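What follows is one structure encoded as structure tokens, with my remarks underneath.
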Amino acid sequence: MSLLTSLARQVMQQATVVGAARLAAHAYRITLAGLALQHWTYTPGQTLNVFFGLAAAETSLRKRTYSVWGYDPARQEVELAVCTFSDGPGAHWAAQCRPGDTVHFYGPGGQFLLNPAAPAHVFLGDVSCLSHFYALHRQLAPDVPVLSVIHAQHREEVFADLDGRWPLHVEVAATLSAAQYLRVAETLGLRKLGLG
Ligand SMILES: Cc1cc2nc3c(=O)[nH]c(=O)nc-3n(C[C@H](O)[C@H](O)[C@H](O)COP(=O)(O)OP(=O)(O)OC[C@H]3O[C@@H](n4cnc5c(N)ncnc54)[C@H](O)[C@@H]3O)c2cc1C
């Protein structure tokens with residue numbers, strides 16, 4: 001075991017997988033629980049750094065960041081939505097997660113939070129951003145203008161928020177360049193949001 005892995009094992013927190021279910025064609029809902037989730041100072045939009053490769057026999061420590069989709073302090077539970085398009089270590093972890101597995105993580109943290117002073121909000125990203133945007137969107141008052149473009153290659157890749165709602169606009173297309181995201185946003189009223 002490398003020194004880095006050994007140090008990581010000492011500073012990471014632990015939770016247990018209590019739910020692992022397919023959420024959409026390429027996404028899993030992973031529910032974590034444990035005492036380490038009890039007294040968080042959590043702001044919606046924060047993320048967890050999840051670490052893989054901490055088992056004694058493994059040599060490569062890897063970290064992937066996942067947005068906190070939902071946090072229930074009373075139940076000491078956290079929901080993640082992990083996409084598998086990437087087919088990398090994070091995707092493999094999510095697909096193989098089983099109730100009872102131990103998860104090492106660090107967090108919550110991160111800077112992709114709402115600006116409460118913003119006159120409007122624009123959410124642009126692919127399906128791997130959905131849980132993050134849902135967590136942010138739930139915090140907004142109904143009168144705050146919101147515009148969203150979520151790119152999916154196929155409709156079956158998209159999933160509803162934890163409360164069953166579908167508040168964000170999905171654009172199904174083989175690819176979506178940055179310019180195309182903006183074009184869709186413009187058709188949805190980007191210039192009327194008064195963002196300057
Ligand atoms: C702040 C933040 C929050 C995040 N929140 C989430 C989250 O809630 N859920 C989630 O699933 N991911 C989230 N991610 C992305 C996540 O951390 C991983 O980068 C991602 O899951 C890929 O990890 P991997 O190990 O499977 O693939 P990697 O080994 O990292 O990548 C393998 C290949 O896949 C490509 N790739 C990476 N992402 C995608 C994608 N979306 N579509 C197509 N190809 C891709 C890479 O460019 C690379 O070529 C977040 C990232 C950040 C920075």
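Everything quoted here is computed from the prediction, not taken from an experiment. All residue numbers in this chain count up from 1 along the given sequence. Each ligand, and each atom within it, is numbered from 1 in the order the structure gives.
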Polar contact flag for [X] and ligand 1 (N/O pairs, less than 3.5 Å):
{"X": "Thr47", "value": "no"}
{"X": "Asp87", "value": "no"}
{"X": "Val82", "value": "no"}
{"X": "Phe112", "value": "no"}

Going by a strict under-4.0 Å cutoff (protein heavy atoms only), does [atom] have a neighbour on the protein?
{"atom": "atom 6 (C) of ligand 1", "value": "yes"}
{"atom": "atom 24 (P) of ligand 1", "value": "yes"}
{"atom": "atom 48 (C) of ligand 1", "value": "no"}

Can you see which heavy atom on Glu79 is nearest to which on Thr31, and at what distance? OE1-OG1, 2.7 Å

Classify the side-chain pair [X]/[Y] by whether it contains a donor and acceptor separated by less than 3.5 Å.
{"X": "His121", "Y": "Asn115", "answer": "no"}
{"X": "Gln139", "Y": "His137", "answer": "no"}
{"X": "Thr102", "Y": "Gln14", "answer": "no"}

Give a yes/no on ligand 1: does Arg64 have at least one heavy atom closer than 4.0 angstrom to it? yes

Would you please determine whether Ala81 falls within less than 4.0 Å of ligand 1 on a heavy-atom basis?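 Contact check Ala81 vs ligand 1: positive.
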
Just jot down the ligand 1 atoms closer than 4.0 angstrom to any heavy atom of Ser131, in number order.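 With Ser131 as reference, the close atoms of ligand 1 come out as 8 (O).
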
For Gly90, counting its heavy atoms only, list the atoms of ligand 1 lying under 4.0 Å from any of them. 24 (P), 25 (O), 26 (O)

Whether the side chain of [X] engages the backbone of [Y] through a donor-acceptor N/O pair (distance < 3.5 Å, no angle test) should be reported.
{"X": "Arg98", "Y": "Asp101", "value": "no"}
{"X": "Ser148", "Y": "His169", "value": "yes"}
{"X": "Glu157", "Y": "Gln153", "value": "yes"}
{"X": "Gln180", "Y": "Ser177", "value": "yes"}
{"X": "His151", "Y": "Ala173", "value": "yes"}

So which protein heavy atom does [atom] come closest to, and at what separation?
{"atom": "atom 43 (C) of ligand 1", "result": "Phe85 CB, 3.9 Å"}
{"atom": "atom 8 (O) of ligand 1", "result": "Ser67 N, 3.0 Å"}
{"atom": "atom 4 (C) of ligand 1", "result": "Thr65 O, 3.3 Å"}
{"atom": "atom 11 (O) of ligand 1", "result": "Cys83 N, 2.7 Å"}
{"atom": "atom 26 (O) of ligand 1", "result": "Ser86 OG, 2.6 Å"}

To the nearest 0.5 Å, how far apart are CG in Leu193 and CG in Leu147?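 Result: 5.5 Å between the selected atoms.
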
Should one rank Asp126, Val127, Val50 by closest heavy-atom distance to atom 41 (N) of ligand 1, which comes out on top?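 Residue with the shortest heavy-atom distance to the ligand atom: Asp126.
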
Using a heavy-atom cut-off of under 4.0 Å, does the side chain or the backbone of Ala94 touch ligand 1, or both, or neither? neither

Between Trp69 and ligand 1, which residue portion shows a heavy-atom distance shorter than 4.0 Å: side chain, backbone, both, or neither?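 It is neither; nothing of Trp69 touches ligand 1.
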
Kindly indicate whether a cation-pi arrangement holds for Arg64 with Trp93, taking the cut-offs as under 6.0 Å to the six-membered ring centre and within 45° of the axis.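 No cation-pi geometry.
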
Decide yes or no on ring pair (Phe, Tyr, Trp, His ring centres under 6.0 Å) for Phe159 and Trp69, but give the supporting numbers first. CA-CA 12 Å; Phe159 52 91; Trp69 186 15; 5.4 Å; yes

